[in-house]
Amino acid sequence: TMLRRMTRLLSGARQARHGEQHAALHYHIPLQDLKTVFPQGLPPRFIMQVKTFNEACLMVRKPALELLHYLKNTNFAHPAVRYVLYGEKGTGKTLSLCHVVHFCAKQDWLILHIPDAHLWVKNCRGLLQSSYNKQRFDQPVEASIWLKNFKTANERFLSQIKVQEKYVWNKRESTEKGSPLGAVVEQGLTRVRNATDAVGIVLKELKNQSCLGAFHLLVAVDGVNALWGRTSLKREDKSLIAPEELALVCSLRKMVRNDWHGGAIVLTLSQTGSLFKPRKAYLPQELLGKEGFDALDPFIPILVSNYNPKEFESCIQYYLENKWLQHEKAHTEEGKKELLFLSDANPGQLERLCAYL
Amino acid sequence: MAAPAVKAAGGWPILALSLRSGVRRLPGLTQVRWSRYGPEYKDPRIDKEYYRKPLAELTEEEKYEQELRKTQLIKAAPAAKTSSVFEDPVISKFTNMMMKGGNKVLARSLMMQTLEAVKRKQFEKYHAASAEEQATIERNPYVIFHQALQNCEPVIGLVPILRGGHFYQVPVPLADRRRRFLAMKWMIKECREKKHRRMLMPEKLSHELLEAFHNQGPVIKKKHDMHKMAEANRALAHYRWW
């Protein structure tokens, strides 16, 4: 089977040993893992592909390998290092992030995965004025969705981590000091009005406690340029809201600052969901703006580029093995050259092309 | 004939040019061909294989044809016709028929989404089926498309013929291109009209194509209705004179 499936690697259990020799090969994620580790965060076309093929295969590529190498050698006594994945549209930033998240989940890190920060700054229906801080706004819907997914992803940590302060929700409910974090999450899920505050508390607690060393914390944010851009949300008097006035955005910004240690922060820039940014912008300076760039300043940028010829060949082989490329001419050399020309080795475009061929 | 007021361009004989313009101006004569090209323009040949053949392999007539084309006037190739390996004339024709208001981008994207939807549905069926059935399930969307349209083509059609002041529906054998056109027209009409308001075209089209592939569904029923009408009007077949 190894000879027949030359583009496949052995199962994900050995991914800790992914090295340079595994570049451009696909590795298989068991579907059970997919439900626990990724209740949210996978790109929608990838989810469709997983559903069609009945299996989830990610290609191992250079940016992800680089990140894994850095993460394996992190020094947990130093402040958390920020890694920023940037690149043009469709090159595979989100999937590289998912690869890294899966690796860390396998290594038993606590994953704080925000699937798309752009969803928090646009198209929000229920905006409430925050009870905690009068100037800020709450987003109960988004906060409760995120809490539900956080609970699915990190079940086992919720009972282990204990809260270090007493939090009073309203006249009748409060969370005592020393109770498990699961109680805060439950409170946020049942009382939707306090969901945003619950999220803020969870983030604060995790940040304080990761320094103690009981667990490693991975903060993975997709579309981080949303935190410093503009929002499309308006108050009742139709005046624009700045991102600073959203409670969720504030707590996330505090999380992404590197004043804590015991983990790592992996971020992705994304133009696709961003507001008021030109389509061709992909560099960190363009997408983050001056404010965002200064806030994130010492970070390690990792460029995610189009497929190189070996990766392209591997991708086509994968589709051919799964019989996804049904057109007779797609098997020929001419067909492959044409696919290369039409997609310019861009992974997103290649996927869309092969979908109807 | 009027004195030729135009200058011949490119060394063409003045006679040919003025003959063309003279014919256009004659009263009581309508042009049968609507294209702006004159009859001396030849159609372009798009396939790469024709031009890549080495000189030794060409037959006498092909060599003559290639020499001739060096000096003949050739029409411009339409933008939609490419020398791509993945091109399919049937799919292009169907896309053009689906197009509304010249929006080829939208029509093409709808066609691509339809093929993708057909493929995904067939893959689902494939994974859910047992080993014997898996051999029978066809997953190639192009094969399904062509077979479905072939299944929808009527064999015999009705033509209104005027006799004695009344129009009679006379059964008539149809040409190949008329049959293909009718199949595509019925498919598109069915998908545009008989669907739920919120359902999108690719979803409905993929459903109809799969049903037609299995010889079921409303388009096949329409074909059978046409055949029954032709059978019922069998007696009027004498009215046909060709």
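All values below were derived from every heavy atom in this structure, side-chain atoms included, with hydrogens, water molecules and symmetry-related copies excluded.
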Taking atom [atom1] of [X] and atom [atom2] of [Y], what is their separation to the nearest 0.5 Å?
| X | Y | atom1 | atom2 | value |
| --- | --- | --- | --- | --- |
| A:E55 | B:H127 | CD | NE2 | 8.0 Å |
| B:M112 | A:L353 | CE | CG | 7.0 Å |
| A:L339 | B:F86 | CG | CZ | 4.0 Å |
| B:K121 | A:T52 | NZ | OG1 | 12.5 Å |

Counting only heavy atoms not in [X] (residues, nucleotides, ligands), do more than 12 fall under 6.0 Å from its [atom1]?
| X | atom1 | value |
| --- | --- | --- |
| A:K336 | NZ | yes |
| B:R108 | CZ | no |
| A:K122 | NZ | yes |
| A:K148 | NZ | no |
| B:H227 | NE2 | yes |
| A:F341 | CZ | no |
| A:F312 | CZ | yes |
| B:M199 | CE | yes |

Residues B:S84 and A:E338: side-chain donor-acceptor under 3.5 angstrom: yes
Heavy-atom closest pair, residues A:E334 and B:V85: CB-CG1, 4.2 Å
Closest contact, heavy atoms only, B:P141 versus A:Q326: CD-CB, 4.0 Å
A:W324 and B:F123 aromatic ring geometry - parallel, tilted or perpendicular at 30°/60° bounds: perpendicular
Lys/Arg N to Asp/Glu carboxylate O, B:E138 vs A:K323, below 4.0 Å: no
Salt-bridge criterion met for B:E116 and A:R45 (N-O under 4.0 Å): yes
Part of A:K51 lying under 4.5 Å from any heavy atom of chain B: side chain
Residue that, paired with A:Y356, satisfies side chain to side chain contact (heavy atoms under 4.5 Å, CB included) out of B:I91, B:L115, B:V118: B:L115
Which atoms of B:Y142 approach chain A - backbone, side chain, both or neither, heavy atom under 4.5 Å: side chain
